[in-house]
Amino acid sequence: MPLIDISIAKGRDSRQLRDLIAGVHRVAEETTGAAAENITVIVREVEKDLWSRTNTTIGEREATK
């Protein structure tokens, strides 16, 4: 019973998120042999100012472009 938890920065539209869920779900079915009804996909959207790598947030990186 796969539980797939995805964290992604906010900024995608609902179609992009739906496509992500569908693609991950499909690959989980194909690679694990799990029944579709037993696969759970959770997408957590994180504000860009709350996501940091190398001590710089995504928001800060985007502001300097």
Side-chain angles (χ1 to χ4, degrees):
M1 187 161 22
L3 168 60
I4 302 154
D5 192 341
I6 300 167
S7 294
I8 192 168
K10 279 193 175 183
R12 278 102 182 151
D13 63 37
S14 59
R15 183 76 250 164
Q16 290 172 306
L17 295 172
R18 186 66 193 94
D19 289 346
L20 173 63
I21 292 167
V24 168
H25 195 277
R26 185 186 72 253
V27 170
E29 279 185 84
E30 293 170 359
T31 59
T32 67
E37 63 271 13
N38 292 329
I39 298 170
T40 301
V41 178
I42 300 169
V43 177
R44 301 173 195 275
E45 291 187 286
V46 180
E47 295 289 342
K48 292 180 179 182
D49 290 334
L50 299 176
W51 190 306
S52 173
R53 182 175 16 160
T54 64
N55 198 30
T56 306
T57 67
I58 293 171
E60 290 168 334
R61 283 195 301 274
E62 288 181 347
T64 61
K65 288 183 179 178

Closer than 3.5 angstrom, by distance alone: can the side chain of Gln16 be matched with the main-chain N or O of Asp13 as a donor-acceptor pair?
yes
Cluster overlap Leu50 with Val43, hydrophobic side-chain contacts below 4.5 Å:
no
Taking all heavy atoms of Glu47 and all of Lys10, pick out the closest pair and write down the distance.
OE2-NZ, 2.9 Å
If hydrophobic clusters are built by linking Ile, Leu, Val, Met, Phe, Trp and Tyr wherever their side-chain heavy atoms come under 4.5 Å apart, do Ile4 and Ile8 end up in the same one?
yes
Can you name the side chain to side chain donor-acceptor pair (under 3.5 Å) partners of Asp19, sequence neighbours left out?
Arg15
Would Val27 end up clustered with Val41 when hydrophobic side chains under 4.5 Å apart are linked, directly or stepwise?
no
What pairs with Arg44 under side chain to side chain donor-acceptor pair (under 3.5 Å), at least two apart in sequence or on another chain?
Asp5
What pairs of residues pass the side-chain hydrogen bond (donor to acceptor under 3.5 Å, both in side chains) test when at least one of them lies in residues 28-42, not counting sequence neighbours?
His25-Glu29
Does any part of the side chain of Arg12, heavy atoms only, come nearer than 4.5 Å to the side chain of Leu20, both counted from C-beta?
no
For the CD1 atom of Ile58 and the CG atom of Asp49, what is their distance to the nearest 0.5 Å?
9.5 Å
Nearest-0.5 Å distance, OG1 of residue Thr54 to CD of residue Glu60:
9.5 Å
Over all heavy atoms of both residues, which pair between Glu45 and Gly11 is shortest? Give the atoms and the distance, please.
OE2-N, 4.2 Å
